Amino acid sequence: MTDYYAILKSHIDTHPPDFGDGDSVLTMLYECYNENNSYDNEQIRSDFNELYQQMNGMPLQEMDNIVYPVCKLCRDHEKAGFIEGIRLG
């Protein structure tokens, strides 16, 4: 087993893993999960419709300045929750 570990460690040292856009295996798992599990459910659509109703009459640029950060915030929190859930088991 020690020989196998030494060979594996040497291989990883000379060929570092490529996580793509992710910075860890957990990030890669989240990206894969997110691509294959739609989070666009009825509740989310309803909540966005409510947000759009609140912004009714705003210029499109102002709406974008609100919606884009909201979407990023939601995605960041979803990702953090997913990764922490995996860590906890």
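The first residue of the sequence shown is numbered 1, and numbering continues consecutively from there. On a predicted model such as this, the values are computed, not experimentally measured, just so you know. The figures that follow rest on heavy atoms only: side chains count, while hydrogens, waters and symmetry mates do not.
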Output for pair (Asp3 CG, Leu8 CG), nearest 0.5 Å, gives 12.5 Å
Could you pull out the closest heavy-atom pair between Phe82 and Leu29, with the gap in Å?
-> CE2-C, 3.8 Å
Output for pair (Met58 CE, Met63 CE), nearest 0.5 Å, gives 8.0 Å
Applying the 4.5 Å side-chain criterion to the ILVMFWY set and letting contacts propagate, would Tyr4 and Ile12 be lumped into a single cluster?
-> yes
So OG1 of Thr2 and NZ of Lys9: to nearest 0.5 Å the spacing works out to 14.0 Å
Here the gap from Tyr33 atom OH to Ile83 atom CD1, rounded to the nearest 0.5 Å, amounts to 13.0 Å
For the atom pair CD (Gln53) and CG (Asn56), what is the distance rounded to the nearest 0.5 Å?
-> 6.0 Å
Taking it one step at a time, do Glu42 and Arg45 satisfy salt bridge (Lys or Arg N to Asp or Glu O under 4.0 Å)?
-> CA-CA 5 Å; Glu42 187 60 39; Arg45 283 190 294 275; 3.2 Å; yes
Side chains of Gln43 and Asp47: donor-acceptor distance under 3.5 Å anywhere?
-> yes
Atom NZ of Lys79 and atom CD of Glu84: how far apart are they, to the nearest 0.5 Å?
-> 13.5 Å
